[in-house]
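Everything on this sheet refers to the single structure shown next.
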Protein chains: 2
Amino acid sequence: MTLDRLAASPQADDERAERILAAARELLLAWGYKRVTVDEIARRARIGKGTVYLHWKTKETLFTELLRRELHKQLGILAAGIGQDASAALPSRLVREVFLQQTRNPLDRALHAGDSDVLGALAITANGLPVIQELGFHTLLARVVDVWRAHGLVTVTAPAADQIHTIDAVLTGFMTGGIAVPPSEEFPPDHRADLLGHTIKAALETSAGPDEVTLRAAAQDVLAALAAAQGTLAEARSRSAAR
Amino acid sequence: MTLDRLAASPQADDERAERILAAARELLLAWGYKRVTVDEIARRARIGKGTVYLHWKTKETLFTELLRRELHKQLGILAAGIGQDASAALPSRLVREVFLQQTRNPLDRALHAGDSDVLGALAITANGLPVIQELGFHTLLARVVDVWRAHGLVTVTAPAADQIHTIDAVLTGFMTGGIAVPPSEEFPPDHRADLLGHTIKAALETSAGPDEVTLRAAAQDVLAALAAAQGTLAEARSRSAAR
DNA sequence: CGTGTGACCAAATTTCAAAACTGGTCATGC
DNA sequence: GCATGACCAGTTTTGAAATTTGGTCACACG
């Protein structure tokens with residue numbers, strides 16, 4: 001365990017942090033927050049338990065960073081999609097994509113659903129708020145809605161707060177999938193994503209689609225909002241490090 | 001306890017059943033299914049415990065009937081609303097009303113949300129399905145959507161199954177209220193109901209509102225569907241009685 | 001020297017058997 | 001012949017002991 005590393009270079013430190021995070025991620029998905037022990041994480045990362053605490057003050061900050069990274073990555077994927085095709089910045093398209101991402105990535109799903117089987121004590125933060133709020137998702141949503149309004153992609157007759165709430169509720173509803181209707185193979189994620197997209201489009205978007213120029217400008221602003229949110233996440237990271 | 005009743009008339013029997021049901025309802029709301037004991041129900045209804053079993057085979061059938069009655073009553077209120085104003089049969093209006101009912105009536109809410117704090121073991125039936133499904137809500141929703149389609153109140157370009165799923169998901173989403181947005185006093189139930197109604201309307205209803213004649217005809221058919229569902233509920237009741 | 005470690009500690013969680021409770025029955029009394 | 005509550009088997013709760021776990025730190029190692 002001690003043969004391969006002579007001095008601690010910052011580089012090796014980073015690589016070690018990654019290993020810890022990777023181990024934590026695997027275990028979180030397999031067992032859920034509560035059952036994962038710091039000891040086990042250390043064993044998987046092939047380091048001593050104390051070393052984990054050289055990187056994070058507590059088990060909680062370690063996992064919080066893991067979640068921050070997850071959201072950071074998700075935002076990156078969204079941004080990439082918009083970069084490739086500006087129309088992916090449209091409300092219906094963006095919400096659709098978020099839905100698909102949550103469907104595919106178990107951690108994202110747990111995060112947005114506040115799944116306490118996976119998140120355990122993390123599901124609700126010290127402030128009594130769901131993690132997803134703590135991570136600034138609400139702020140991002142509000143900013144993006146503002147961008148959409150500024151560029152006329154969504155109606156401005158309705159208050160922004162109403163639109164935010166509608167998006168939140170509808171997305172959540174499609175995530176849980178409703179209650180009355182029995183799950184069926186007729187509804188694969190892609191299809192449900194389409195229904196969600198259609199609902200968002202009908203409820204919020206302006207009837208006439210935007211012209212090319214407006215769309216590109218709006219896409220730029222959405223990208224900026226995403227980047228800003230990523231920045232906030234990255235910044236919070238350094239604040240939770242042990243050293 | 002025996003002075004006031006000499007012979008058991010069917011009438012007195014019914015009145016007694018009502019007392020039991022009323023006691024069960026109070027206790028269910030106060031304590032939740034699991035904590036409510038048959039003993040306590042009997043005490044509240046001022047009868048012996050064994051007497052409860054003269055009316056229902058098990059604790060579970062007793063509470064299932066309670067829930068059936070609750071849904072029956074809710075359907076009655078919906079029907080009354082339509083009787084008074086045919087436009088209450090429109091998708092957006094009807095869903096809106098269901099939402100408000102669930103918001104106001106704790107039992108309805110528990111029923112539709114599958115709240116296991118209240119419903120306990122009842123939340124999931126012996127068949128592994130949520131109670132609300134067992135009670136035929138899905139069948140009713142499917143029928144009503146068909147009526148709407150037949151009368152051109154909703155688009156017929158989209159499959160009915162998609163529309164059912166959309167209604168279910170959106171209603172559920174507004175019930176839980178989303179995750180990302182912190183609850184606020186800005187969003188009283190009435191306001192959220194409006195947002196829900198708007199969403200359903202935009203996502204499903206045909207752009208041109210129906211003429212008076214069509215609306216009335218559709219309203220009649222919706223009423224018939226509601227009455228049929230009530231009939232099914234009442235019929236199931238007799239099947240669960242002990243005698 | 002300074003980094004990494006695992007033995008160690010207090011606090012939290014799990015175990016497990018005894019005690020208490022509860023759904024459902026039925027012999028009894030009215 | 002209907003209503004009742006004592007009674008029973010099976011389940012749940014309790015609580016104290018045993019185990020586990022997050023977090024610390026004295027020490028070994030390079």
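Throughout, a chain's letter reflects where its sequence line sits, starting with A, and its residues are numbered from 1.
- The environment of CZ in B:R143 is sparse: at most 12 heavy-atom neighbours from other residues, nucleotides or ligands sit within 6.0 Å.
- Contact check, B:R16 against D:dA3: a side-chain N or O comes under 4.0 Å of OP1 or OP2.
- Note on residues 25-35 of chain A: pairs passing side-chain hydrogen bond (donor to acceptor under 3.5 Å, both in side chains), not counting sequence neighbours, are A:R25-A:E70, A:E26-A:R44.
- Atom P of nucleotide D:dA3 and atom CZ of B:R43 are separated by 20 Å, given to the nearest angstrom.
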Just the table, please: protein N/O against nucleotides 23-25 of chain D N/O, every pair under 3.5 Å.
| unit_1 | atom_1 | unit_2 | atom_2 | d |
| --- | --- | --- | --- | --- |
| D:dG23 | OP2 | A:Y53 | OH | 3.2 |
| D:dG23 | OP2 | A:K59 | N | 2.5 |
| D:dG23 | N7 | A:K49 | NZ | 3.1 |
| D:dG23 | O6 | A:K49 | NZ | 2.5 |

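- The CG atom of B:L54 sits 11 Å away from the C1' atom of D:dG1 (whole-angstrom rounding).
- Here side-chain hydrogen bond (donor to acceptor under 3.5 Å, both in side chains) pairs that include residues 161-180 of chain A, with residues two or more places apart or in two chains, are A:R149-A:Q163, A:D162-B:H191.
- Residue-environment remark: CD (A:E60) stays at or below the threshold of 12 foreign heavy atoms within 6.0 Å.
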Detail all sub-3.5 Å separations between protein N/O atoms and N/O atoms belonging to nucleotides 11-14 of chain D.
none

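- Between A:T139 and A:T232, every side-chain heavy-atom pair lies at or beyond the 4.5 Å cut-off.
- Contact check for B:V170 versus B:V95: no side-chain heavy atoms found under the 4.5 Å cut-off.
- The distance between atom CG of B:L62 and atom P of C:dT22, rounded to the nearest whole Å, is 16 Å.
- Rounding to whole angstrom units, CZ of residue A:R19 and P of C:dG4 are separated by 11 Å.
- Across all strands shown, B:T51 has heavy atoms under 4.0 Å from base atoms, whether or not it also approaches the sugar-phosphate.
- For the pair A:E40 CD and C:dG6 P, the interatomic distance rounds to 14 Å; values are reported in whole Å.
- Between B:H55 atom NE2 and D:dA3 atom P the separation is 7 Å, expressed in whole Å.
- Partners of A:R93 according to the salt bridge (Lys or Arg N to Asp or Glu O under 4.0 Å) rule, which considers only residues two or more places apart in sequence or in another chain, are A:D85.
- Annotation: side chain of B:F63 is in contact with side chain of B:I41 (closest heavy-atom distance under 4.5 Å).
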Indicate every side-chain donor-acceptor pair of residues 73-80 of chain A with a distance under 3.5 Å to a residue at least two apart or in another chain.
none

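- Residue A:V36 is in sugar-phosphate contact alone, with no base atom involved, counting any heavy-atom pair closer than 4.0 Å across all strands shown.
- When rounded to the nearest whole Å, the span between CZ of B:R35 and P of C:dA20 equals 19 Å.
- Rounded to an integer number of Å, the gap from B:R46 CZ to D:dT4 P is 13 Å.
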